[in-house]
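Below is one structure; the comments refer to it alone.
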Amino acid sequence: MDTTLSIPTTGPRLSHTEITNMASTYSHEWRAVCDKFNNAQDLSEVESRKDPENDPFRSKYKARELLREIYCSLKNFDVGENESVNDEADQRPTEQPVDGGMEEGFGRGHCGDSPAGSRAAKLGAVEYYLGVNHVETEELSAGEEHLMNCMTLLEKCSISPENVSLFIQVRNQLGILWAGRDEIEKAQGFLETAEAMYIRYMKEDGQPPMDLTEFFVAEEEALPQQERTKRFEMAYTHTLYYLAQVYKNLEQYEKAGGYCHSTLQRQLEFNQFIPLEWAINAATLSQYYITKTLYMEGRHCLSAASVIAGLAGEVPSEAAAQESEAEAEKRDQLRQKRAEIARCWIKYCLNLLQDAKKLLEDNIGELDMDRQAELRATRLKEEEEKERGRKSAVLFGSSDTFDSICGLEEKVSCVFPVDFEEARAIFLVGQTYVNQAKEYFEMDGHVTDHIEILQDHSALFKALAFFEEDLERRCKMHKRRVDMMEPICKDLNSQYYLLVCRQLQFELAETYYEMMDLKLAVANKQDDLDAHTVKKFNHLCSSSTKFYQMFLDSVRSPEGKWPEKLEDEVLRPALVAKFRVARLHSRLISSSKTVQLENLNRALECYNFVVQYCKDNPEAKSAIETELELSEEMVSLLPLKINRIQANLASSN
Amino acid sequence: MADVTSECNIKVLCRFRPLNQSEILRGDQFIPTFQGDDSVNVGGRSYVFDRVFPTNTTQEQVYNACAKQIVKDVLGGYNGTIFAYGQTASGKTHTMEGKLHDPNQMGIIPRIAEDIFNHIFGMDENLEFHIKVSYFEVYMDKIRDLLDVTKTNLAVHEDKNKIPYVKGCTERFVSSPDEVMDVIDEGKNNRHVAVTNMNEHSSRSHSIFLINIKQEHTETEQKLCGKLYLVDLAGSEKVSKTGAAGAVLDEAKNINKSLSALGNVISALAEGTKTHVPYRDSKMTRILQDSLGGNCRTTMFICCSPSSYNDAETKSTLMFGQRAKTIRNTASVNLELTADQWKRKYEKEKEKNKTMKETTQRLEAELNRWRNGHNYI
């Protein structure tokens, strides 16, 4: 198939003139058509907003009538003048064109800007508007028919600056239509063709094409080139945006992400964006990149988000907000959105630390020196080439924002930290954003959000602690976690915030447990257990136990009864909590044999619980395999130890 | 309290309206075939719900089958929510409101109002009731008070002792079903006030009628509080535009035409446990937070047109209903250390204990030797 565009490269190219000339003999009628079109546009876009609820499409229906009249007039215009075209337009093929091949529409039939081509495009445009009108009034089948008529008319033309916009926009509409009917592949076909047409047109021609509305305006009202470009590029931005949605629905997330990114990029490039909205979108896109461990892209999105959000202006003062409602709203919006962006930054820092930790830890969760050396080496090697290669593809920003975006990027690394110093730098950035986010998401008014931020803060400390070699200092970091969570856990109404309370209880229990472990390790190094250390150790043990117990109590019914069967969400946590309570009891240090006995008995009781529960509910086994195995072992071993102490106790009495 | 299951997934009920006059005149086909009382076949595919109501179901039958229990629950101190979902002109308003003052044709809301007061009259005389109602709408993430049109941007407030509530919205005390109706009439009239694009507005806004019941036992001073949310969701063909109720209702496979919804697409990609996704429609989500999880009694009505003309929309509405059935509150406790790591840590400790035990035994043996009077000097 001949696929070159049949546009003359020289000579007059604006077919708009031709349209008017063509209709010059009917100039009166032509003017009437243009007026009707303007009316229809006005009814459809402006008047329709004021339609009453019980007649919501009144103006759209009126617009539809006008469009139908235009269609008839157009058909009558050229009778006699261009008989053959008219015939063709009437003989609609029984088979409707369906997109699939990318070559569709290229180099077919008559030249795009020949009189016949112009006429087909004009009729096509009316069909297009009729199609959109029917879709908007919820008559999808009729809408589809009109849009397909437009496709049929265009099928006979080659692409030209006059019709390329119509070529693309009719496919955009058909894409939307078919996606709405859950036929995504069909939608994909139309949209991908539109994309290919744009790329090809820009490569082979590229001059600003005519806008659809220009089919029906007087010559002197033709749009300036700049406006033409703007509208055409906007139509294509929509194509990409629709493709992003289609790929998302097809679960091709990587492609969808790429198309979202391009959409954002084009919004900036053509200056068609609302700063706060754009910033939130870019910040959210960073979160997608984080899930794919693409930290450089994530950081770029976040930096752009922060800079563009800055374009939305200063936050009005509290005083100003009290004076005027508009200022109050603006203040709230700006503060909220900036706090949201800060929260996205927190997640960036947190995930970067946590992912590095995963790469560096050995099989018991400690820093592995070999892996550390390995990561340091690979990082050096890959870093530069990779960054440069990836970076050029995804850049945001205009000339005036670009430097600020880069400046912000430099403030935090996008490669995995390998040691404490590097981890600390990332941690500190994260912590700054925690404080920023908390300013808006205060406890009073935003409980859930506030606590989520605190949990992230705690997680930042936890991740940082992994990199800290000094055990005492590591312990202090965990202490900070306890200090931020414990008061809130006690304060919160557990009836309404059951899930949050459970999360906090569990995390506190685990943190105390961790601290207890660390204290023990420190004591072991020192080789002597003084009374003070023992006291501290025991305190940590009982604190951990206390929070596990609180968690376990939350599973009980309001009457205090333990459920016969644990619900899925709490099955594993509850059994793990029991298991750890058992461990904690067996680790308490006491010089009194009676107390030792008591603790061991309590531990045995808890181990027994886990074993017995899994016996009664075999389906629970898979959820807690390892702990069950250890519990069974302890159930067989502990009685021996208990007996020994008992014997000892008896003999000493 | 009868029939209160501990699980809280949503009850989804599907209702088909009859063909209307113009559809009959146009010669539209009647497409659904009903099978049993819980499934319907459309276009060769079977959709199963908790209940399916064929076109001849009366308003009373619908109410008795689905909404009546919720009134009891709310009087028992639970929170309940009833949603209506469906394309424009599929019978949502008929189901929720019906003809407000017609005993046969009235919908769920007026029936609930009557039922609440009937229950109250039959209850212990020592119980004192305070019933308050509010009526507001959510449009473009702004909450507008329908009982006081000067309040156009209310906030959702959450504090440590309460579930989220709309701060500063008008609360009317009511003492009879008629008063409830008056409030509804008033609110409905206000929906039209000061709206620039009525058309878009009504199809993209969600209206929420809230009944708040507080009871206090005059002798024991025991208090009980229940809330009932009645939610008329934006037309289903438009829901994806507004991204109603956050991620939950934003699953339709429609393409959003407007770039203003780019955020919804990106959010869908970014979701996950590791990320923070700023909500678009955060207010709607926060108000309904408690209804979509936690301590809730939630019923969703899926309203459909039977006409072949609406075939595609009906299918997508039914699909939505199927997805809604699977909604569960997934938030749960984070468990970070994996079982494997635990085991290894434990084994490492055991090893350490073993060597320590050996050392102790050695030392003890030595000590014993000393005690026994061995003298190495």
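Throughout, a chain's letter reflects where its sequence line sits, starting with A, and its residues are numbered from 1.
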Classify the ring geometry between A:Tyr259 and A:Tyr247 as parallel (under 30°), tilted (30 to 60°) or perpendicular (over 60°). tilted
Rounding to 0.5 Å, atoms CG (A:Leu240) and CG (A:Leu191) come to a distance of 9.5 Å
Is it the case that atom CD in B:Gln29 sees more than 12 heavy atoms from other parts of the structure closer than 6.0 Å? no
Salt bridge or not between B:Lys167 and B:Asp159? Use side-chain N to carboxylate O under 4.0 Å. no
What are the two closest heavy atoms between A:Cys260 and A:Leu285, and how far apart are they? CB-CD1, 4.3 Å
Quick check on A:Glu325 against chain B: is it the side chain, the backbone, both or neither that has a heavy atom closer than 4.5 Å? side chain
For A:Asp491, is it the side chain, the backbone, both, or neither that has a heavy atom closer than 4.5 Å to a heavy atom of chain B? both
So which part of B:Lys274 gets closer than 4.5 Å to some heavy atom of chain A, the side chain, the backbone, both or neither? both
Check whether A:Thr237 gets within reach of chain B through its side chain, its backbone, both or neither, counting any heavy atom under 4.5 Å. side chain
Above 12 or not: heavy atoms from other molecules or residues under 6.0 Å from NZ of B:Lys160? no
In terms of heavy-atom pairs under 4.5 Å with chain B, which of A:Met234, A:His446, A:Gln505 leads? A:His446
Only pairs of heavy atoms separated by less than 4.5 Å count here; which of A:Asn351, A:Ile290, A:Asp332, A:Asp449 has the most with chain B? A:Asn351
Residue A:Gln272 versus chain B: region with a heavy atom under 4.5 Å: neither
For the pair A:Arg572 and A:Glu627, find out whether any cationic side-chain nitrogen is under 4.0 Å from an anionic carboxylate oxygen. yes
Can you say whether A:Tyr242 sits under 4.5 Å from chain B via the side chain, the backbone, both, or neither, judging by heavy atoms? both
Per-residue contact mode, A:Leu498 against chain B (heavy atom under 4.5 angstrom): neither
Chain B heavy atoms under 4.5 Å from A:His238: which part of the residue, side chain, backbone, both or neither? side chain
Charged N to carboxylate O under 4.0 angstrom, A:Arg181 versus A:Glu144? yes
Proximity breakdown for A:Glu139 and chain B, heavy-atom pairs closer than 4.5 Å: both
